[in-house]
Amino acid sequence: MTDEVRWSPATADEEIEPDLRAAFAREIGGAPDGVWAAPGRINLIGEHTDYNGGWCLPFALAHRTYCAVRTRPDGRLRAVSRQAPGQAWEGEVDQIRTGSPGGWVAYVAGVVAILAQRAGGPVGADILVDGRVPVGAGLSSSAALSCSGALALAELVPGLAAVDRAELAQVCVRAENDYAGAATGGMDQTVSLRAVDGHALLVDCDDFSLTPVPWTLPGHEVLVIDTRAHHSLADGQYAARRSTCERACRSLGVASLRELHGADVDEVLGRLEGDGEAQRRVRHVLSENTRVLDLVAALGQEDAEEVGRLMVASHVSLRDDYEVSCRELDLAVEAARQAGAAGARMTGGGFGGSALALVRRGDVEDVAAAVHEAFLAEGLQAPHLLQATPSAPAHRLS
């Protein structure tokens with residue numbers, strides 16, 4: 001363990017691009033057709049609402065996954081990661097199947113396979129990935145990976161010229177669901193491809209319409225606490241929550257829980273009597289949707305105290321009703337609040353990953369140090385911390 005606070009700063013695009021081009025020449029040979037970047041994200045509020053047709057409020061991070069890409073005419077894919085050089089893969093695109101290839105390559109291969117079908121002809125590529133979004137932190141490193149490659153191919157392959165970013169996001173969802181086996185709902189891919197710099201995005205997951213929401217709290221920053229408790233969407237827990245919500249919808253006679261927004265929550269829960277698990281999950285989703293809309297209103301009023309209160313209420317609901325928190329996330333939230341944060345909550349799918357704290361700009365270092373010390377006092381590995389600023393969507397560097 002270390003006594004020093006560990007920060008994970010973002011890397012500037014202009015530092016990455018020449019280095020990645022040089023690495024492409026060494027590891028693959030020749031020059032790429034271009035370099036692309038796609039961001040990770042945090043979600044201010046609105047957790048586990050996306051696959052229930054509700055609302056969420058994410059924004060893109062300055063931390064991104066980069067890929068250097070060169071198309072090839074033979075219908076083969078070669079994928080190499082600078083973070084996992086021993087796990088490179090090469091094969092025929094038309095032979096890509098669920099789970100084959102596996103691991104990180106599945107997120108890239110799934111995108112290529114789906115876009116090849118969409119293009120109506122052979123699509124092949126050499127892809128070198130450099131992931132700068134912390135992995136396992138609940139910051140959507142997987143979506144950043146799939147979205148960077150998807151945008152590159154959409155811009156390089158003539159048969160994909162008509163594919164817009166909304167469709168690309170759905171391609172990436174399919175890749176994660178059907179090829180990587182991760183039951184994601186669409187929020188991550190949407191914000192990675194369609195974010196607005198300096199804004200959060202109010203995402204209506206019923207139709208994936210977007211409303212940019214300006215960040216109106218310049219005196220506060222969002223401190224991200226990567227607890228180092230590994231987070232994975234493919235371990236079954238996320239899928240189990242989603243399955244319970246689907247069971248509740250069948251019992252309630254609705255297509256999605258979104259249809260129940262504004263309904264009397266106690267009456268809805270009464271209709272699920274005898275299924276305590278479904279009651280808890282539904283109570284979280286319905287109350288979380290309301291909190292999302294209330295937080296948007298609080299940002300409009302520049303009310304940091306109310307934003308913080310809603311973040312705490314969200315965490316309590318995720319901990320108690322959705323049961324996706326863990327020791328490390330709860331500790332991060334409590335330590336940040338005791339150190340003066342206006343509010344804090346877990347973010348992402350849960351079972352590990354990261355927490356967020358809304359902190360006055362001048363208090364960031366003190367809150368970070370307090371959280372760090374709290375983890376060491378509990379015998380846990382030191383968390384990594386980063387400062388989150390609403391940033392730009394996926395884009396081409398060169």
- For His63 and Leu61, indicate whether the former's side chain and the latter's backbone hold a donor-acceptor pair under 3.5 Å. no
- Message: If we count only N and O atoms by modelled type, under 3.5 Å, do the side chains of Asp330 and Ser325 hold a donor and an acceptor together?
- Response: yes
- Task: State, to 0.1 Å, how close Ala38 and Ser192 come at their nearest heavy-atom pair, and which atoms those are.
- Result: CB-OG, 3.6 Å
- Item | Under 3.5 Å: donor-acceptor pair, side chain of Arg165, backbone of Ala394 | yes
- Do Ser314 and Arg291 meet the criterion of a side-chain donor-acceptor pair at a distance under 3.5 Å? no
- Message: Salt bridge or not between Glu267 and Arg271? Use side-chain N to carboxylate O under 4.0 Å.
- Response: yes
- Message: Check this for me, if you would: do Arg241 and Glu323 make a salt bridge, where the nitrogen-to-carboxylate-oxygen distance has to be below 4.0 angstrom?
- Response: no
- Arg345 side chain vs Val333 backbone, donor-acceptor pair below 3.5 Å: no
- Gln83 side chain to Gly131 backbone, donor-acceptor under 3.5 Å: yes
- Tightest non-hydrogen contact, residues Leu358 and Ala304, listed as CD2-O, 3.7 Å
- Message: Working note: Asp226 + Arg6, criterion side-chain contact (heavy atoms from CB on, under 4.5 Å); need CA distance, chi angles, decisive distance, verdict.
- Response: CA-CA 10 Å; Asp226 175 4; Arg6 293 287 302 275; over 6 Å; no
- Query: When clusters are formed by joining ILVMFWY residues with side-chain heavy atoms under 4.5 Å apart, either directly or through shared neighbours, do Val173 and Val112 land in the same one?
  - Reply: no
- Taken to the nearest 0.5 Å, the spacing of Leu252 CG from Leu272 CG works out to 4.0 Å
- Task: Starting from the C-alpha separation in whole Å, work towards a yes-or-no answer on side-chain contact (heavy atoms from CB on, under 4.5 Å) for His372 and Val367.
- Result: CA-CA 9 Å; His372 174 87; Val367 173; over 6 Å; no
- Given the rule in the side chain to side chain donor-acceptor pair (under 3.5 Å) test, do Gln189 and Gln170 qualify, once you have shown the distances and angles that lead to the verdict? CA-CA 8 Å; Gln189 299 81 2; Gln170 292 308 306; over 6 Å; no
- Message: Hydrophobic clusters here meaning ILVMFWY residues chained together by side-chain heavy-atom distances under 4.5 Å, can you tell me if Tyr179 and Ile127 are in one?
- Response: yes
- Query: Linking I/L/V/M/F/W/Y whenever any side-chain heavy atoms sit under 4.5 Å apart, do Leu151 and Val191 land together?
  - Reply: no
- Donor on one side chain, acceptor on other, Gln279 and Asp275, under 3.5 Å: no
- Item | Side-chain ion pair, Arg280 and Asp320, N-O less than 4.0 Å | no
- Query: Shortest non-hydrogen contact from Val93 to Val123?
  - Reply: CG2-O, 3.2 Å
- Which atoms form the tightest heavy-atom contact between Ala344 and Arg337, and what is the distance? CB-CG, 4.2 Å
- Closest non-hydrogen contact found for Thr65 with Ala144 is OG1-CB, 3.6 Å
- Item | Worked verdict on Asn289 versus Leu293 for side-chain contact (heavy atoms from CB on, under 4.5 Å) | CA-CA 7 Å; Asn289 279 328; Leu293 301 180; over 6 Å; no
- Task: Could you tell me whether the side chain of Val222 reaches within less than 4.5 Å of the side chain of Val359, counting heavy atoms only?
- Result: no
- Message: On the six-membered ring of Tyr322, is Arg281 placed so that its NZ or CZ lies under 6.0 angstrom from the centre and within 45° of the ring axis?
- Response: yes
- Message: Between Arg283 and Ser317, does the side chain to side chain donor-acceptor pair (under 3.5 Å) criterion hold? Intermediate values first, please.
- Response: CA-CA 8 Å; Arg283 180 166 53 217; Ser317 181; over 6 Å; no
- Query: Below 4.0 angstrom, N of the basic side chain to O of the carboxylate: do Arg64 and Asp13 qualify?
  - Reply: yes
- Task: Considering only NZ, NE, NH1 and NH2 on the basic side and carboxylate oxygens on the acidic side, decide whether Asp130 and Arg132 come within less than 4.0 Å.
- Result: yes
- Message: Within the 4.5 Å heavy-atom criterion, are Glu221 and Arg360 side-chain neighbours or not?
- Response: no
- Could you go through the salt bridge (Lys or Arg N to Asp or Glu O under 4.0 Å) check for Arg258 and Asp204 one step at a time? CA-CA 10 Å; Arg258 166 61 173 272; Asp204 184 337; 2.6 Å; yes
- Message: Centre-to-centre under 6.0 Å for His48 and Tyr51, is that the case here?
- Response: yes
- Query: Any sub-3.5 Å donor-acceptor pair from Glu306's side-chain atoms to Leu295's backbone N or O?
  - Reply: no
- Expected output: side-chain Asp33 to main-chain Thr71 donor-acceptor under 3.5 Å: yes
- Would you call Tyr66 and Leu397 a side-chain contact if the rule is heavy atoms closer than 4.5 Å? yes
- So, Asn177 side chain and Ala182 main chain: donor-acceptor pair closer than 3.5 Å or not? yes
- Message: Looking at Arg76 and Asp126, is there a salt bridge between them, counting it only when a charged N and a carboxylate O are closer than 4.0 Å?
- Response: no
- Given the rule in the side chain to side chain donor-acceptor pair (under 3.5 Å) test, do Trp36 and Glu155 qualify, once you have shown the distances and angles that lead to the verdict? CA-CA 10 Å; Trp36 284 260; Glu155 295 187 358; 2.9 Å; yes
- Can you check whether Asn52's main-chain N or O pairs, donor with acceptor, with Arg242's side chain at less than 3.5 Å? no
- Task: Please tell me if the side chains of Arg70 and Leu128 come closer than 4.5 Å, counting only heavy atoms from C-beta onward.
- Result: no
- Task: First locate atom CD of Glu167, then atom SG of Cys172, and finally report the distance between them rounded to the nearest 0.5 Å.
- Result: 11.0 Å
- Here the pair of heavy atoms bringing Val371 nearest to Pro383 is CG1-CG, 4.3 Å
- Sidechain-backbone polar pair: His220 side chain, Pro218 backbone, donor-acceptor under 3.5 Å: no
- Measure the shortest side-chain to side-chain distance between His315 and Leu356 over non-hydrogen atoms and say whether it is less than 4.5 angstrom. no
- Task: I would like to know whether Ser398 and Glu17 meet side chain to side chain donor-acceptor pair (under 3.5 Å); could you show each step before the answer?
- Result: CA-CA 8 Å; Ser398 63; Glu17 195 230 336; 2.6 Å; yes
- Item | Heavy-atom check, side chain of Ser354 versus side chain of Leu139, under 4.5 Å | yes
- Kindly indicate whether the side chain of Glu277, heavy atoms from C-beta on, has any atom under 4.5 Å from the side chain of Arg247. yes
- Item | Hphob cluster co-occupancy, Val129 + Ile16, side-chain heavy atoms under 4.5 angstrom | no
- Tell me whether Val196 is reachable from Phe59 by hopping between hydrophobic residues (I, L, V, M, F, W, Y) whose side-chain heavy atoms are closer than 4.5 Å. no
- Taking the side chain as C-beta and beyond, is there a heavy-atom pair between Val282 and Leu269 under 4.5 Å? yes
- Query: Between Thr49 and Glu288, is any side-chain donor less than 3.5 angstrom from a side-chain acceptor?
  - Reply: no
- Counting N and O atoms only, with roles assigned by atom type, does the side chain of Glu47 sit under 3.5 Å from a partner on the main chain of Gly348, one being a donor and the other an acceptor? yes
- Message: Regarding Arg72 and Glu90, does a basic nitrogen lie under 4.0 Å from an acidic carboxylate oxygen?
- Response: yes
- Query: Checking side-chain contact (heavy atoms from CB on, under 4.5 Å) for the pair Leu299/Leu57: CA distance, chi angles, key distance, verdict?
  - Reply: CA-CA 11 Å; Leu299 281 175; Leu57 191 67; 4.2 Å; yes
